[in-house]
Amino acid sequence: MNDVQLEKWSREYKLDLINICNNANRKYLSDRLPYPYTNENAEWWLDMVEKQEGREGVFRAIFYQGKCVGNITVEKKNDVFCKDCEIGYVLNDDFSGRGIMTQAIHDICAIAFEELDILRITACVYKPNKASSKILLRNGFRQEGILKNGVYKNNEVYDLVMYGKYKEETQILDISKDELASQIHTTKLGYDRCKNNLGIEEDVIRYCQNLILNKNSHIKQEGKNYYVQLDQVEIVVNAKSFTLITAHMCRGT
């Protein structure tokens with residue numbers, strides 16, 4: 001399975017940053033991102049990141065199979081909104097549809113809640129951007145409301161959907177990867193469902209155990225279930241009985 005890694009930005013990635021910003025799908029991006037994105041734009045932004053990293057935000061380059069393909073940030077707000085941050089992300093359009101941003105959002109939210117003195121992370125999405133909404137919901141964001149006619153871009157008016165993720169709902173896992181992997185089991189119905197969803201020939205339990213134990217897999221607990229994700233695959237396990245409920249491919253950005 002392919003790795004998605006986040007790295008702090010540095011000037012050695014400057015050409016990658018320029019390439020990402022010039023090859024992103026701009027349909028649902030803010031116009032404050034310059035186009036064409038120049039060397040001067042990259043220098044200014046990297047200077048800003050160097051000053052604010054870890055204090056006013058976290059800024060990460062997204063690597064996929066060792067190649068820098070995207071940018072993701074969580075930046076603090078000011079004044080009475082200082083306990084809130086806004087997440088933003090952009091991906092080289094050549095790498096969309098591979099589940100990269102789903103994992104990147106998971107990772108940077110964990111970093112932001114650990115490193116910044118914040119209580120929540122806000123995301124703002126153009127209403128037609130269903131792919132972005134889907135990956136936010138998959139990462140535990142909640143839809144909080146809709147700002148009617150909130151965006152005007154390219155002579156089009158869009159509603160803006162507001163999402164929030166809260167530090168207080170970020171659960172500390174009470175189980176290790178080894179413990180979870182050793183205890184999962186499933187029913188015949190669950191086995192057949194997972195095998196069909198994943199399109200695999202190997203043993204489903206062994207496949208899921210290997211996924212859980214992978215150093216890059218991520219486990220979260222929501223309600224009665226554990227959710228384990230690695231790249232485009234997600235498995236769902238009951239947190240009490242350790243029954244494998246389902247496993248499926250996560251399509252999207």
[Y] reachable from [X] in the ILVMFWY side-chain graph, under 4.5 Å edges:
X	Y	answer
I108	V49	no
L91	V58	yes
V151	I146	no
W9	L33	yes
I100	I105	yes

L119: side chain to side chain contact (heavy atoms under 4.5 Å, CB included) partners, not counting sequence neighbours: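 Partners of L119 by the side chain to side chain contact (heavy atoms under 4.5 Å, CB included) criterion, ordered by chain and then number, come out as K83.
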
Sequence neighbours excluded, which residues qualify as side chain to side chain contact (heavy atoms under 4.5 Å, CB included) partners of N196?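 N196 satisfies side chain to side chain contact (heavy atoms under 4.5 Å, CB included) with no other residue.
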
With H248 via ring pair (Phe, Tyr, Trp, His ring centres under 6.0 Å) - residues at least two apart: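 Expected list: none.
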
Just jot down the ring pair (Phe, Tyr, Trp, His ring centres under 6.0 Å) partners of Y13, sequence neighbours excluded, or say none.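 Y13 satisfies ring pair (Phe, Tyr, Trp, His ring centres under 6.0 Å) with F63 once adjacent residues are dropped.
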
Pair I184-Q209, side chain to side chain contact (heavy atoms under 4.5 Å, CB included): steps then yes or no: CA-CA 8 Å; I184 62 167; Q209 288 173 329; 3.9 Å; yes

List the atom of [X], the atom of [Y], and the distance in Å for their closest heavy-atom pair.
X	Y	result
R138	T102	NH1-OG1, 3.2 Å
C124	M162	SG-CE, 3.4 Å
P34	R26	O-NH2, 2.8 Å
G140	K165	CA-NZ, 3.9 Å
C68	A61	SG-CB, 3.9 Å
C21	Y37	CB-CG, 3.5 Å

Measuring only between side-chain heavy atoms, which start at C-beta, is [X] closer than 4.5 Å to [Y]?
X	Y	answer
I87	Y163	no
I20	V69	no
Q183	E179	yes
C85	L116	yes
K77	T122	yes
F141	V125	no
R120	E144	yes
I18	T38	no

R11 bridged to E43 by N-O distance under 4.0 Å: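 Salt bridge flag = yes for E43 with R11.
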
Sidechain N-carboxylate O distance under 4.0 Å for R60, E53: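 Yes, this pair counts.
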
Between [atom1] on residue [X] and [atom2] on residue [Y], distance to nearest 0.5 Å:
X	Y	atom1	atom2	result
I212	Q229	CD1	CD	13.5 Å
N139	I135	CG	CD1	7.5 Å
I235	L230	CD1	CG	10.0 Å
L29	K153	CG	NZ	6.5 Å
N210	E202	CG	CD	7.0 Å
T186	R193	OG1	CZ	7.0 Å

Backbone of [Y] reached by a side-chain donor or acceptor of [X] within 3.5 Å:
X	Y	result
N92	G70	no
N22	P36	no
N154	E156	no
S30	R32	yes

Side chain to side chain contact (heavy atoms under 4.5 Å, CB included) between Q221 and I175, intermediate numbers included: CA-CA 10 Å; Q221 183 175 355; I175 192 169; over 6 Å; no

Got a sec: does the [atom1] of [X] have more than 12 other heavy atoms crowding it under 6.0 Å?
X	atom1	result
Y166	OH	yes
K195	NZ	yes
E114	CD	no

Give a yes or no on whether the ring-centroid distance for Y126 and Y28 is below 6.0 angstrom.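 Ring centroids of Y126 and Y28 are less than 6.0 Å from each other.
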
Applying side chain to side chain contact (heavy atoms under 4.5 Å, CB included) to K14 and N39, what does each step give before you reach the verdict? CA-CA 8 Å; K14 181 173 69 173; N39 183 76; 2.8 Å; yes

Could you tell me if N214 and K177 have a donor-acceptor pair between their side chains, going purely by distance under 3.5 Å?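 Not at all, the side chains of K177 and N214 share no donor-acceptor pair under 3.5 Å.
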
Members besides Y227 in its Ile/Leu/Val/Met/Phe/Trp/Tyr cluster (side-chain heavy atoms under 4.5 Å):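 Under the 4.5 Å side-chain rule, Y227 groups with V236, I245.
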
I'd like to know whether K127 forms a side chain to side chain contact (heavy atoms under 4.5 Å, CB included) with L160, so could you lay out the CA-CA distance, the side-chain angles of the two residues, the decisive distance to 0.1 Å, and finally the verdict. CA-CA 6 Å; K127 191 174 182 180; L160 194 66; over 6 Å; no

Sole candidate of V228, T187, V204 that passes side-chain contact (heavy atoms from CB on, under 4.5 Å) when paired with L244: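 For L244, the side-chain contact (heavy atoms from CB on, under 4.5 Å) check succeeds only for V204.
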
What residues, two or more places apart in sequence or in another chain, satisfy side-chain hydrogen bond (donor to acceptor under 3.5 Å, both in side chains) together with N238?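 If we apply the side-chain hydrogen bond (donor to acceptor under 3.5 Å, both in side chains) test to N238, skipping adjacent residues, the hits are S241.
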
